Amino acid sequence: MTIPTPHISATSKDEIAKTVLMPGDPLRAKFIADNFLEDVTQFNKTRGMLGYTGYYKGKRVSVMGSGMGIPSAMIYYNELFDFYDVDLIIRVGTAGSMQEDVKLHDIVIASSACSESSINDNLFGNINFSVTPDFDLLVKAVDKSKELGYTTHCGQVHSSDQFYSETDPRVFDNLKKYGILCVEMESYGLFMAARKHNKKGLGIFTISDSLIENVADSAENRQKSYTNMMELALEVAEA
Ligand code: HPA
């Protein structure tokens with residue numbers, strides 16, 4: 001395949017930076033470009049999946065939506081790594097807490113992801129291949145998050161294939177018991193795509209809801225926690 005791809009209309013690799021921040025929501029990509037980046041150019045609007053490139057404190061970075069779920073997101077992860085020579089994709093997203101001490105608006109940084117996704121079927125025989133982010137960036141992100149004063153958790157996340165899940169409660173209880181911090185829907189695909197192309201992935205989340213307790217949120221606090229997460233991702237982005 002050549003560029004432009006069926007899903008990204010940039011006609012030159014130079015239109016996209018080496019690091020791409022990817023929220024699920026394309027309007028959140030626009031929010032990052034509008035509020036954090038300078039000298040912004042738009043490189044994609046195919047299927048409404050807005051993508052922009054600009055500068056954060058002099059560092060050239062791109063931001064683009066991924067859509068929701070592994071199948072949508074992996075189209076973009078694979079095309080960016082494979083056809084646009086992107087080196088690092090940082091997923092910035094929301095997640096539902098699965099642990100009592102992981103509170104609303106806390107920052108979670110994924111040290112690995114597990115999933116019921118079938119993308120690995122037949123790739124590794126009967127071996128459960130584990131997927132992980134880039135280790136150096138993981139350490140950098142955890143250190144930076146603590147330095148910025150954010151309540152930070154680093155551990156395993158569940159990349160679920162269903163938002164409206166009817167998972168057996170015993171499965172949920174085991175995920176919780178075995179220490180899964182939170183549930184989201186894309187990181188497993190990102191870490192696999194990064195491994196496939198010998199590139200780097202990282203997943204940073206803000207807790208937007210809880211699967212174990214009723215939590216009330218204010219729009220103001222939600223916005224602030226998104227902003228913290230985006231700033232953290234921009235700080236660890238590589239030029
Ligand atoms: N499930 C899956 N993905 C999510 C959730 C959830 O509860 N909250 C935020 N992203």
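On a predicted model such as this, the values are computed, not experimentally measured, just so you know. For this chain, numbers begin at 1 and follow the sequence in order. Start at 1 and go down the list; that is how both ligands and their atoms are numbered.
- If you number the atoms of ligand 1 from 1 as listed, the ones under 4.0 Å from a heavy atom of Glu184 come out as 3 (N).
- At the shortest separation from atom 1 (N) of ligand 1 among protein heavy atoms lies Val183 CG1, 3.6 Å.
- Here the protein heavy atom with the shortest distance to atom 10 (N) of ligand 1 is Thr94 O, 3.4 Å.
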Audit row: Tyr188, Asn120, side chain to side chain donor-acceptor pair (under 3.5 Å) steps and yes/no: CA-CA 10 Å; Tyr188 186 86; Asn120 277 353; 2.9 Å; yes

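- Ile109 contributes atom CD1, which lies 7.0 Å from atom CG of Leu202 (distance to the nearest 0.5 angstrom).
- Side chains of His105 and Asp217: a donor on one and an acceptor on the other come within 3.5 Å.
- Between Ala95 and ligand 1 there is a heavy-atom distance shorter than 4.0 Å.
- Here Ser208 has side-chain heavy atoms under 4.0 Å from ligand 1, and that is the only part of it that gets that close.
- Classification of the Phe81-His197 ring pair by plane angle, with boundaries at 30° and 60°, yields tilted.
- Note: no N/O pair closer than 3.5 Å links Gln162 and ligand 1 by distance alone.
- Under the 3.5 Å distance criterion, the side-chain polar atoms of Asp106 are left unmatched by any main-chain donor or acceptor of Val102.
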Side chain to side chain donor-acceptor pair (under 3.5 Å) between Arg195 and Thr132, worked out: CA-CA 9 Å; Arg195 207 41 71 87; Thr132 53; 2.9 Å; yes

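- Close contacts of ligand 1 with Gly96, meaning ligand atoms under 4.0 Å from a residue heavy atom, involve 5 (C), 8 (N), 9 (C).
- Within ligand 1, the atoms closer than 4.0 Å to a non-hydrogen atom of Phe163 are 1 (N), 2 (C), 3 (N), 4 (C), 5 (C), 6 (C), numbered from 1 in the order shown.
- Rounded to the nearest 0.5 angstrom, Glu147 CD and Glu235 CD are separated by 8.5 Å.
- The contact set between ligand 1 and Leu211, taken as ligand atoms under 4.0 Å from a residue heavy atom, comprises 7 (O).
- Set against the non-hydrogen atoms of Asp209, the atoms of ligand 1 under 4.0 Å away are 7 (O), 8 (N), 9 (C).
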